[in-house]
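Heads up: the structure comes next, in structure tokens.
Just the heavy atoms: all of them, side chains too, but no hydrogens, waters or symmetry mates, feed the values below. The shown structure was predicted, so the numbers you read here are calculated from the model rather than taken from an experiment. All chains are named by letter (A, B, ...) in the order of the sequence lines, taking the proteins before the strands, and each is independently numbered beginning at 1.
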Amino acid sequence: MRAPISWLREFVDLPESVDDLRTVLDDLGLVVEGIEFVGEGLEDVVVARVDEIHAIKGADRIRRIVVDAGAGPLEIVCGAWNFEVGNHVPLAPVGAVLPGGFAIEKRSMRGVVSNGMLCSARELRLSDDHEGLMVLDDVITPRIGQPIVEALGIEPDVVFDLSIEGNRPDAWSIVGVARDLAARFGRPLREPEYASPTPGTPTATVASGEIDASDLCGRLTVSLLRNVRVGPSPSWVVNRLERAGMRSISNVVDASNFVMLELGQPTHPYDAERVNGSTLRVRRARTGESLVTLDGVTRTLAKPGRGLGDTGEDCVIVDGADEVLGLAGIMGGESSEIGLSTTTVLLEAAYFDPMTIARSSKRHGLRSEASHRFERGVDPELALRAVARFVSILRASVPDLEWLDGPIDVRGDVPEPSMVLLRHDDVERSLGTALPVDGVVANLRALGFAVALADAGDLVVTAPSSRPDIRTGAAGRADVIEEVARIHGYRRLVRRTPTWPQPGGLTPRQELRRRIRQVMVDLGVDEAWTPTLGSETSFALTHDGSTPIRITNPLASDESILRPTMLSGLVAAWGRNIERGLLDVRLGEIGVVFTHPRDAASARRTRGGAGGKVDLDLPLENERVTVVLGHRSDDATSAATLWTLIANRLGLADVVIRAVENPGAGAHPTRSAALVDRASGVVLGVVGEVDPQVIDLVAGVQGRRLGLLDIDLDVLADTQAVRRRSQRVAVPGRYPSAVIDLAFVAPLSLHAADLGHALSSATPLVESVILFDVYRGANLAAGTRSLAYTVRLSSADRTLGDSEVATLRDELIVVAGQHGATLR
Amino acid sequence: MNLNDELIATITAEALAALAAVDTIEELDERFPSIVGKRSAFASMQKSFGSLDPEQRRELGARLQDARRAVEASVELRRIDLRAAARTTMLEADRLDLGDVVVASQSWAVTLGHAGLVGSTQAELEDVFVAMGFTVADGPEVESDWYNFEALNIPPAHPARGMWDTFYVDLGEPETVVLRTHTSPTQIHLMESAVANDSLPIHSVAPGRCYRRDTPDARHLAAFHQIEGLVVDHHITFADLAGTIETFTRAYFGPDIESRLRPAFFPFTEPSAEFEITCTICHGAGCRTCSNTGWIELGGCGMIDPAVFESVGVDPDRWSGFAFGFGIDRCAQMRHELSDMRALIENDVRFLGQFA
Ligand SMILES: [Zn+2]
């Protein structure tokens with residue numbers, strides 16, 4: 001909201017500097033987002049008369065102008081065309097610095113020297129008008145050489161651009177901001193000038209107002225104004241509106257806007273002759289009704305919207321013939337709009353239910369200055385004061401304006417102002433700072449709260465009608481305490497660093513996540529962050545017949561599905577690096593992937609819906625680590641090697657790589673395998689390569705292999721499913737080990753790791769078993785291959801003799817035989 | 001059946017027979033023109049219609065075209081089959097049993113990887129809070145509107161919902177499932193479970209990814225990371241909140257960086273505050289980054305609103321608490337003077353390689 005300092009000063013004395021005021025406004029929670037200095041930098045600009053206009057040879061956009069600013073003829077080159085000889089225009093002479101710091105210098109264009117600049121209103125920051133020069137004859141009777149500031153009667157001003165929080169509807173007005181400042185500075189808040197109705201004809205004899213939906217409309221006032229002459233507003237009204245960011249339209253509309261900006265009450269003027277029976281009635285819109293709003297759009301009313309709990313309720317204003325005149329509190333209709341011929345105005349000033357306005361405004365995509373205020377909550381007691389202010393402003397241009405006596409004032413349901421019991425220690429218990437009670441009382445009273453002293457230093461605080469944000473009970477207490485703290489100043493409150501006996505720390509799961517991230521990075525993988533939302537195409541390539549989880553309102557169609565895997569994101573990122581000529585890239589990501597509740601083994605059931613009364617099944621969120629190995633030399637074996645290193649660093653007891661029929665979508669069907677905990681049989685991921693089809697379609701790359709490692713962190717974190725090595729440390733024997741090599745012919749169905757495991761568990765004397773060669777050849781029976789292991793044998797208490805080693809060797813061969821392997 | 005129909009049937013049968021004889025994609029591509037393309041019997045028959053009268057030509061042409069389309073469809077089906085067969089052959093030829101890979105004979109060259117900027121920043125922030133006695137909590141990214149909004153005192157259609165641009169997930173009733181717009185729903189989960197397990201107090205931070213429906217630019221991404229803090233204990237006051245923020249600020253940003261609070265509005269805290277820290281670029285002297293104020297907005301905080309306590313069943317007479325939240329990405333951006341946030345999701349290794 002734009003708050004000109006001159007307007008604020010109508011309500012409260014503000015001798016402070018602009019910088020100081022900025023600090024105070026920020027500290028009050030009325031955050032200053034920008035400061036505009038109006039009329040600044042115009043000191044050197046003077047009124048000049050145009051005496052001659054000449055074309056410049058070879059130039060069709062600029063002309064040579066001779067002006068007189070009181071010191072004789074001066075040549076200026078000018079590109080504007082909207083003036084003629086004899087007009088008066090603003091001249092910025094050489095040496096002047098315009099608002100925004102633009103310095104005027106002597107310049108030469110097309111061989112003509114320009115001794116200054118003739119200015120538009122925008123260049124002087126006086127308005128948005130940049131359609132040519134500011135021709136002063138249109139607005140004033142100009143005098144050559146007169147400073148422009150003096151000629152236009154401009155008083156330099158400062159406009160604060162304030163960000164008003166959603167819980168401060170009262171501050172969405174000049175008087176609201178002034179009230180905060182007055183409270184902070186402990187200064188009185190002045191009242192503006194209000195008009196009184198003209199004694200005589202009572203309003204009720206010529207107009208009427210009714211509320212048919214008292215839950216939607218808390219108050220309706222209808223005033224009748226006679227002798228209206230629609231015309232321009234006085235310049236002080238125009239200036240105020242412009243500085244506050246609104247254009248002047250006509251004296252009647254301007255008065256309405258002026259009051260809204262100043263007091264926060266939207267009003268709506270109707271041409272009384274175009275309102276049947278001069279009657280305004282508030283009711284619910286009925287299905288099938290429609291309205292052409294002032295913006296020319298036809299609105300279908302009472303149509304349920306998509307929003308949660310939106311029944312399509314619209315509150316409308318109708319006339320005596322039940323014709324819809326406008327969408328209450330949001331926008332009027334075309335039919336009753338005031339025009340130049342309007343002489344009698346029916347003025348509506350009302351209070352509407354904020355939630356109703358919010359829903360309607362959202363559903364119709366229609367936001368206005370009025371709806372903005374109503375949906376936050378207008379002071380229900382303000383209506384007639386706002387009309388009195390409206391009349392006093394309109395009287396400046398229509399002195400004989402008649403405001404009929406006894407304006408109509410009907411009431412519906414209005415929230416009661418909250419009453420809050422503030423116990424004597426509440427402020428200290430909440431803020432941790434003890435504030436003297438008289439200071440608390442003074443602050444609250446300055447904000448318009450009624451404060452009564454109760455027993456034992458307790459206070460009974462009643463919120464003013466302008467503060468619908470103040471609740472009751474414990475919540476209301478918090479609201480009141482915030483007000484106390486705000487006026488006192490947050491910066492003056494005590495600070496204390498709390499301590500507690502409970503230790504901080506990470507959970508084992510979080511430690512694991514960090515560990516795996518560190519290991520991954522240590523082993524040469526760059527950590528990536530790929531999008532959670534993907535396209536239909538990438539979903540189709542990387543899911544196993546699961547249901548896509550769609551976003552209702554995606555920003556783009558290729559960001560519309562919650563990822564079922566991080567694989568496509570990583571492949572795309574790898575491809576982007578290739579495109580940029582970065583050919584050896586390994587990327588890994590730790591993140592969440594999603595499964596539709598329909599496909600989830602056990603759904604994530606949670607509270608949802610209005611009031612949290614519905615049970616909702618939400619997508620399953622599965623945390624995974626996915627790595628793509630994309631150095632030129634990388635392939636499935638690199639991925640297997642990386643996994644072995646990671647498993648070792650994570651201290652996993654025995655996770656083996658096991659061929660599977662279907663390693664999962666996105667994985668290479670014949671070069672990928674499952675990671676399986678041998679003891680539990682639980683699968684914790686996939687190792688291998690990315691499907692060449694995915695590489696082609698997602699990254700647009702052919703002929704490159706991409707190693708793949710995809711680990712389910714949820715499974716990995718489960719130490720029952722994936723066992724860790726024992727914490728117990730074994731001391732190696734001091735006697736030398738015997739090393740023997742054994743080669744077996746084993747059926748393809750026998751996993752090399754399983755045979756190795758069988759050998760190492762055969763006797764406690766086996767120290768280690770390591771696979772060192774795999775041989776497939778025509779000289780072996782079909783469906784078999786040769787597996788060669790190095791076996792270390794040792795004892796803790798003796799050196800193993802040759803015969804003992806030979807016996808052990810035979811035992812191992814027997815064990816292998818039990819698994820279907822024969823010595824080669 | 002007239003002569004022309006017979007002829008069409010014959011050339012169709014011949015074309016299908018020729019198609020059946022094709023064994024590979026390459027062969028299909030090579031034979032295509034003679035089966036159903038420019039050099040096919042269909043093409044020559046089409047040409048022979050030139051001499052017919054227009055009515056007859058149109059009628060016969062249509063029948064020929066139908067037959068030709070049917071053959072073309074068979075060609076496409078065949079192409080799909082052949083492609084699948086080629087893929088199967090290729091995959092089979094490439095087969096590798098990873099269980100037989102002799103890992104012992106593989107070497108792993110030392111290369112340096114790099115942790116992501118966001119992940120590292122998150123870990124650093126967690127470490128600061130852990131040292132201050134906080135535990136770390138995780139929360140889901142897809143939430144119901146109850147957790148993301150209503151339990152946080154933001155009822156349906158409340159204008160305050162406009163403070164967040166929300167992505168809705170197409171599940172259940174409209175607007176009931178969302179990508180969380182902030183980490184604050186984790187507050188609700190933490191308090192609900194603490195009440196259920198009778199395990200109050202809570203001293204936790206909850207970092208995580210959040211989403212807002214906002215076109216990405218140099219300063220914002222549609223996905224971002226926040227860290228939420230929640231303390232619920234006996235006798236917790238606004239002074240504890242301000243002190244916690246101050247301690248954190250100095251620990252993370254450095255001893256010469258201060259914090260300050262100013263009033264703000266969040267539906268789930270009251271009193272609420274925005275917290276600002278000394279501008280890390282100019283150290284308070286005033287620069288463009290801080291609009292010459294010497295301060296930079298970091299996040300929001302406040303005392304837990306009694307309405308939130310009510311929705312999770314915490315007794316406000318026994319417990320009080322505060323919450324705060326701020327952007328992890330924003331901290332990273334400030335510390336590393338990151339000029340364009342979009343680099344974070346591009347994953348160019350020249351970008352990633354800059355972080356230790
Ligand atoms: Zn700065």
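In terms of heavy-atom pairs under 4.5 Å with chain A, the best-connected choice from B/L352, B/T135, B/V142, B/V101 is B/V142. Of the listed residues B/W108, B/F309, B/F322, the one with more heavy-atom pairs under 4.5 angstrom with chain A than any other is B/W108. Listed options A/T790, A/I657, A/I590 were ranked by heavy-atom pairs under 4.5 angstrom with chain B; first place goes to A/I657. Options A/R776, A/H751, A/R477 differ in how many heavy-atom pairs under 4.5 Å they form with chain B, and the most are formed by A/R776. By number of non-hydrogen pairs under 4.5 angstrom with chain B, the leading residue of A/S430, A/A474, A/G166 is A/S430. Chain A forms more heavy-atom pairs under 4.5 Å with one residue of B/A115, B/S107, B/G99 than with any other, namely B/A115. Counting heavy-atom pairs under 4.5 Å between each of B/M132, B/E246, B/M303 and chain A puts B/E246 at the top. If you tally non-hydrogen atom pairs under 4.5 Å between each of B/D214, B/V110, B/V130 and chain A, the highest count goes to B/V130. The candidate with the highest count of non-hydrogen atom pairs below 4.5 Å against chain B, out of A/P531, A/A636, A/P692, A/A753, is A/A636. If you tally non-hydrogen atom pairs under 4.5 Å between each of B/A131, B/A264, B/G302 and chain A, the highest count goes to B/A264.
Contact annotation for A/D617: only backbone heavy atoms (N, CA, C, O) come within less than 4.5 Å of a heavy atom of chain B. For A/V484, no part lies near chain B; criterion is any non-hydrogen pair under 4.5 Å. When heavy atoms are compared at a cutoff of 4.5 Å, A/R168 does not approach chain B at all. A/V774 touches chain B through backbone and side chain together, each having a heavy atom under 4.5 Å away. Residue A/S163 does not touch chain B at all, counting heavy-atom pairs closer than 4.5 Å. Heavy-atom distances place the side chain of A/E621, and not its backbone, under 4.5 Å from chain B. With a 4.5 angstrom heavy-atom cutoff, A/L616 touches chain B only via side-chain atoms. Contact annotation for A/R671: both backbone and side-chain heavy atoms come within less than 4.5 Å of a heavy atom of chain B. At a 4.5 Å heavy-atom cutoff, the contact between A/A673 and chain B is made by backbone and side-chain atoms alike. Residue A/L582 touches chain B through its side chain alone, counting heavy-atom pairs closer than 4.5 Å. Contacts of A/L787 with chain B are made by side-chain atoms alone, with heavy-atom separations under 4.5 Å and no backbone atom involved. In this structure, chain B has no heavy atom under 4.5 Å from any part of A/I357. Using a 4.5 Å cut-off between heavy atoms, A/I770 touches chain B through its side chain atoms alone. With a 4.5 angstrom heavy-atom cutoff, A/E559 does not touch chain B via any of its atoms.
Using a distance-only test at 3.5 Å, with no hydrogens or angles considered, no donor-acceptor pair links the side chain of A/T497 to the main chain of B/T244.
The side-chain heavy atoms of A/D479 and A/D469, taken from C-beta on, include no pair separated by under 4.5 Å. Looking at B/E175 and B/D145, their side chains never come closer than 4.5 Å, going by heavy atoms from C-beta outward. Inter-residue side-chain proximity for B/S144 and B/V177 is flagged as unmet; no heavy-atom pair is nearer than 4.5 Å.
Counted by atom type alone, A/R517 and B/S120 present one or more donor-acceptor pairs between their side chains at under 3.5 Å. One side chain, B/H189 or B/E143, offers a donor N or O that lies under 3.5 Å from an acceptor on the other. Remark: the A/Y490 side chain and the B/E274 side chain contain no N/O donor-acceptor pair separated by less than 3.5 Å. Counted by atom type alone, A/D526 and B/H114 present one or more donor-acceptor pairs between their side chains at under 3.5 Å. Side-chain contact of A/T507 with A/Q510: a donor-acceptor pair under 3.5 Å is present, judged by distance alone.
Ring pair B/Y211/B/F167 is perpendicular by interplanar angle, where above 60° counts as perpendicular and below 30° as parallel.
The two residues A/A475 and B/D305 have their closest heavy-atom pair at CB-OD1, 4.3 Å. Here the shortest heavy-atom pairing between A/V585 and A/W574 reads O-CD1, 3.5 Å.
Atom CZ of A/R598 has 12 or fewer heavy atoms from other residues, nucleotides or ligands within 6.0 Å. For B/E310, the CD atom is loosely surrounded, since the number of other residues' heavy atoms within 6.0 Å does not exceed 12.
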